[in-house]
Structures are given as structure tokens and as C-alpha cells.
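All remarks here apply to the structure that follows.
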Amino acid sequence: MNDEILKEKEELKPSISFIEQFIIEDLKAGKNEGKIITRFPPEPNGYLHIGHAKAICLDFGMAQKHGGKCNLRFDDTNPVKEDVEYIDSIKEDIHWLGFDWEDREYYASDYFGNLYNFAIELIQKGLAYVDDQPADLISSQKGTPSQPGIESPFRDRMADLNIELFGRMNKGEFEEGSHVLRAKVDMNSPNMHMRDPIIYRIIKSPHHRTGSKWNVYPMYDFAHGQSDYFEGVTHSLCTLEFEVHRPLYDWFIDHLKTDDYRPRQIEFNRLNLTYTMMSKRKLLELVQEGKVSGWDDPRMPTLCGLRRRGYTPESIKRFVDLIGYTKVEAINDVSLLEHAIREDLNIRSPRVFGVLNPLKVIITNYEEGKVENVELINNPEDEKMGKRLVPFCREVYIEQDDFLEIPLHKFFRLAPGMEVRLKGAYIIKCEGFKKNESTGAVEEVYCTYDPDTRSGGNISEKKVKGTLHWVSARHAVDAEVRLYDRLFNHEDPAGSKCDDYRTLLNPDSLKVLTGCKVEPSLGSAKPLDKFQFQRLGYFCVDYDSKPAKLVFNRTVQLKDTWAKLNK
RNA sequence: UGUCCCGUGGUGUAAUUGGCAACACGUCUGAUUCUGGAUCAGAAGAGUUCAGGUUCGAGACCUGACGGGACAACCA
């Protein structure tokens, strides 16, 4: 019996990723004195997206869970592409997710001196040389994945000359592109990265941290693995495409290490989401071409975009948890992300009334000028969130979708002769409506109410099938509501064979509604405040919102079985 | 034509390291509900790419095919 309970508990335990299994094995084996140090190494050349969140959760999460530390290290080896603007946003986004690197904010540029000395050392050992050939020649000599490369004529230059030339490169005596430093590895390797990779190039633009101190900068491959080594990183977690770089990193570390410590690199699959893409380059293009309003456009998969859309850090972490880490290149369904945010917001967000497409209802037998404050529960999932009063009077707005001249099968809302409850108030019956002769649009609906049916009272036993949200016409606050849909119509825009992903953009990804009516309690809502507009979805106050002019972003719709029925 | 990685319901992941495939999302029923939400109960859906082999026994191991991905930036 006990065994059964134990077994059940075992099954409830979330499974451990292959990466964590490796980590646990290493820890148990006493490697690195049983310590774990990881790092998150972004390049400051763009904003973080949800794919980075997956890496952040792993890097910080593993360290946290196993009593270690995670460093933040900016991989800033290319001054022409990088900018401090990005550094600030990256730090903000990591903190927003709930992770902290304390005082361990490092930069690859911190190690330029060490790296330079290491390069000299390699030259002295005859393991690196200055190549005077132009880029296109070097690249053609590299061969192809199926054909071996050709050795450079400068490959066997004397060490002294190499040192002299490398020194002059760094002094700025040569033009960009005229010389590079290459590691002497193996031009016949089946692994392209081992074919005498370029490890230093001349760049004369100033660096955001080191200014104009250097005229040569290490390539990523020459900086990344060594930076991990300098920091004492034990587990270097990265995405699948770096698998083929690993032998090169190992080659460098072999020539650098003084004992048996070396970082262990483990690769996992990157995060892909349906109907969007993660390429920083393409996201930048969308921003620059004005296809979206900025990096934080709520349709963007960036963390700042998701934040503005109304996503919570918890929901993102939960999502990352659900998709897991494997070695299979996968594409994740957005509906899982949407599930994660609904699940989170269902518990924490207060319910309110907001009418997106207002239709006026006049309750003909309700006293003119009378106002009743009806009591509504803020969140049925959490009693502690209390109740609020909402004004009710003779004229209210309901959703246009909630009225039909001729009811459809299984339509439980308002139509001539039908009864519905106005949530928290009374049951009303539709007696008639006014139609605009020329447009055919319904302009007003006339109803009567049953005074015995007020919510909370128990005079009437009357039951109705439908319950509508509403806003008192006299007390309503105007709002703008931005409805978002998927950015692309194609499930996998990055993977499609289409030559221009721009043609795959969803033209209806943004719909702006004005003249929406929301309940008066929302008048004081502040940017990033989150609500459930009852029966509609979750909404978040936008940065553009002002007390006089409210703006809401729709985070995600509520599940809508009626809409599904009508498909 | 090369090297490396990978191949489990529609999607994403599991399977205590060899013991007759589990979970989540999605889909579909039904119950319930003053949110057509949430909740609850249930259903359908893979025999693990294929073919051999090892074994009493294979999704796990071996071999080979097939399929997918990565790699040829003075990017990271």
C-alpha cells in the first residue's frame, strides 16, 4: 500500500532533463569540487526574446537548484554590431523574469588582455599565424564540407614574424581586412570549424567598453570557450548549432588549461514557436521597416513585447518548463504558451466589465435617473480579492455579438422575446429593437427587467441560459482596445521556402477598437495592470494609456466554445 | 559525395537506464456554472520511421537503410 503511494508520488515528480541528469552525475562524481557554475552569454546586439528565456531559465535555474551560481556575461567581441542600449534592456528583461546575477556582471571584453596573451602563446608554440590573404581567398581555400581545404601560403611563417605582424595589427598599422590571425589546426578536418579558423581580425571602430584601446578583436569562437574557462564555468549550456564548435573550444582549452578543469558544454534545442520567428536579424528588420511599432510591439516574441502584451514572468517560466529541453529541433504550438498565460491570469487577475463593440440596451420599465450599485465578485478563483460595486441604470451597453435579430440554434443570448441575466443585476427580456433603415444595423434594443430577479436576492427562482456582461451607459468610461492576433499567417515563417517572409505577415495582426466602454472602476488603471474582461479575455493596460484616455491590449482571448460552435 | 546531431499520438515531452508506451497542450463528449471562462468526469488518438540482429523480453543496445537538422561569416 505504501509502495503504491510512493509510486504515485514518483509519477507526479516532473521528469529531469538530460542536461540536469548530466549535471547531477557530475556533481555526484565530485567534479569541480561538487560545484556548479553556469552563465548566460547574450550578445548585446538586440533585445531578448522568449527563446532566450528558455536559456535563461536553464542557466539560472540549474545553478539555483543545485546550489551554484550563474554569471551574466555579455559576449561583446564585435564593436560594430553592439550597443549599450541593448545591455540595459537585457539586464532589465532578466530581472523581470526573476533572475539575478548579483555582482557577477561580466563582459568578454574583460578578457581581451588574457585572450591577446593566449594568442601570442599560440603563435610562439607555432599554433597560430598571421594570414595576409584577403577574405574571399581565405574562404575559398577553406573548401566545402565534403572537400578538404588548401593550406595558406602563410601557414608556416616564423613565430617571430607572426608576433611582430600581430603586434602591428593591433597598433593599427594595417587596414581592416588586410590581415587576420588564424589558429593552425587542420585544413583537412571534416569539421569546417577546425580548418584554421580565424581567431583575430582588425576592427577599427571603437568598442563600447574598451574604446579605442584595441585594433584587433577576437572572434566569438576564440572568446567564448575561454571566457567560460576564465570564469570557472562548469557547465556551459548552449543551443544545438554550437555542437560542431565544441571540438574547437576543446582544442583551445587543451592549450590553455593547467589542470584537469574544463567547462563541459551541453547543447539543447532552441525554442521555436508557431506563427512567429526568433531570428534577431529578422526581428530587427520588422522594427526598422515599421512592420511593428518597435521591439516591444505586443505582437513580437521579445520579452519586452510579451510584457507589454500582458504576459507575466511566471507564465513564461511555466511555458518553458512545459516544453522541456531535448536534442530534437522542435516547433512549439503557441496554444501552449496561451494556455500558460490563461492559467496564470485566471488565478491572479480581477474580473471587470468591458464592452468592446457597444450596443445600447434601454430597460423601458426601469426608473429614469435611478442608480443601483450592484455588488460583484472580483475573482471567483480567489475570495481574498474581494468585491466591488458597479453602477447600474436604465441604459446599459452590451456586446453587439450578444444580440441577434434572429437567434441561431443554441444561441443563449439576447434576441427578441429571449431572456438573459445581466450579470450581477437583473434578468431582462427583449421586447424590441431599433434598426437603422439605410445600414441595417441594430442601434438600440428595448428590454424590460424583472425586479424580483436581482442578483443576491432570493425572491425569484427564475433561471436563464445566458448571462451577459454590461456597462452602465451613464457611468461608462471610454477606452481604446488593441486586439492582437498572430504576427504571421504561416505556421513556420522562418522554415517556409518562401523567399520573403514579409509576404507571410498577417495583415490583421492588429485591430484597434475605439469607443469601447469599460466600467468606471478602471478609470484609475495604470500601465501593465491586468484584468479579465469578463467573457472576453485578459487585457493589460498599455504604456500609451492615460487616465483621460485608457488603452488596453488584449493579451489572450478566453476560450470560446460558442465561437467554436459557429465555425 | 563529407562530418556531426536527431527520428515516440496532431503538437511538445516521459518511460526508474531492457519488463508489454505515460503526461501536458490541442480535439471531442457529458456534468456543473449568474463568465458558453474556470472546475469535474470521460473519450478518441501512437505500438515508438523502416528492415534485420542481440535477448526469455527492445522505444531503449548493435548493423544497415530512409527521413529531418546543423556545419563552408574577418557574425554570435
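Reminder, nothing fancy here: chain letters follow the sequence lines and each chain counts from 1.
- When rounded to the nearest whole Å, the span between CD1 of Ile323(A) and P of rG26(B) equals 16 Å.
- For the pair Phe252(A)/Tyr229(A), no side-chain contact is recorded, criterion being any heavy-atom separation below 4.5 Å from C-beta on.
- Of the listed nucleotides (rC74(B), rA73(B), rG36(B)), rG36(B) has the atom at the smallest distance from the side chain of Arg413(A).
- The same atom, P, is picked in rA21(B) and in rU39(B); the two are 29 Å apart, to the nearest Å.
- Ser236(A) contributes no side-chain N or O that, together with a main-chain N or O of Gln265(A), makes up a donor-acceptor pair within less than 3.5 Å.
- Between Ser335(A) and rC25(B) there is no side-chain polar atom (N or O) within less than 4.0 angstrom of OP1 or OP2.
- Nearest-nucleotide assignment on RNA chain B puts the 5′-proximal partner with Phe18(A), out of Lys423(A) and Phe18(A).
- For the P atoms, the distance from rU17(B) to rG9(B) is 24 Å, rounded to whole Å.
- In this model, the phosphate group of rG26(B) is approached by a side-chain N or O of Lys559(A) to a distance below 4.0 Å at OP1 or OP2.
- rA76(B) atom C1' lies 15 Å from atom CD1 of Ile198(A), rounded to whole Å.
- On a pure distance criterion of 3.5 Å, no polar donor-acceptor pair joins the side chain of Glu329(A) and the base of rG7(B).
- Taking a 6.0 Å sphere around CZ of Arg270(A), one finds it holds 12 or fewer heavy atoms contributed by other residues, nucleotides or ligands.
- Crowding of Lys387(A) atom NZ: a count of heavy atoms from other residues, nucleotides or ligands under 6.0 Å not exceeding 12.
- Across the protein-nucleic acid pair, Arg554(A) atom CZ and rG37(B) atom P stand 17 Å apart, rounded to whole Å.
- The distance between atom CZ of Phe242(A) and atom C1' of rA76(B), rounded to the nearest whole Å, is 6 Å.
- Going from atom CG of Asn346(A) over to atom C1' of rG37(B) covers 7 Å, rounded to whole Å.
- Comparing the same atom, C1', in rC28(B) and in rA44(B) gives a spacing of 7 Å after rounding to whole Å.
- Rounding to whole angstrom units, CD of residue Glu381(A) and C1' of rU33(B) are separated by 12 Å.
- Comparing rC4(B) with rG47(B), their P atoms are spaced 31 Å from each other, to the whole Å.
- With rounding to the nearest 0.5 Å, the separation of OH in Tyr47(A) from NZ in Lys280(A) is 12.0 Å.
- When the side-chain nitrogen and oxygen atoms of Asn269(A) are compared with OP1 and OP2 of rU13(B), one or more of them lie within a distance under 4.0 Å.
- rG52(B) sits 46 Å from rC75(B) when the C1' atoms are compared, rounded to a whole Å.
- A cation-pi arrangement is absent between Lys530(A) and Tyr538(A) under the rule of less than 6.0 angstrom and at most 45 degrees off the ring axis.
- Here the C1' atom of nucleotide rU11(B) and the CG atom of Leu337(A) are 14 Å apart, to the nearest Å.
- Taking for each of Tyr325(A) and Val180(A) the nucleotide of RNA chain B with the nearest heavy atom, the 5'-most of the two is the partner of Tyr325(A).
- With a glycosidic angle no more than 90° from 0, rG47(B) adopts the syn conformation.
- Each of rU13(B), rA24(B), rG2(B) was ranked by its minimum atom distance to the side chain of Leu336(A); first place goes to rA24(B).
- A distance of 11.5 Å separates OG1 of Thr239(A) from NZ of Lys327(A), quoted to the nearest 0.5 Å.
- Taking CZ of Arg209(A) as the reference point, atom CH2 of Trp214(A) lies at 14.5 Å (rounded to 0.5 Å).
- Side-chain nitrogen and oxygen atoms of Arg342(A) include none within less than 4.0 Å of the OP1 or OP2 phosphate oxygen of rU39(B).
- Within 3.5 Å, a donor on the side chain of Gln532(A) pairs with an acceptor on the base of rU35(B), or the reverse.
- Counting only N and O atoms by type, the side chains of Ser189(A) and Asn191(A) include no donor and acceptor under 3.5 Å apart.
- You'll find that the side chain of Lys564(A) is closest to rC28(B), out of rU35(B), rC28(B), rC6(B).
- Of the candidate nucleotides rG36(B), rC74(B), rA76(B), rC74(B) has the atom lying nearest to any side-chain atom of Lys142(A).
- Looking at RNA chain B, the stems built from 3 or more consecutive Watson-Crick or G-U wobble pairs, each pair with its key distances under 3.5 Å, are B:2-7 with B:66-71, B:10-13 with B:22-25, B:27-31 with B:39-43, B:49-53 with B:61-65.
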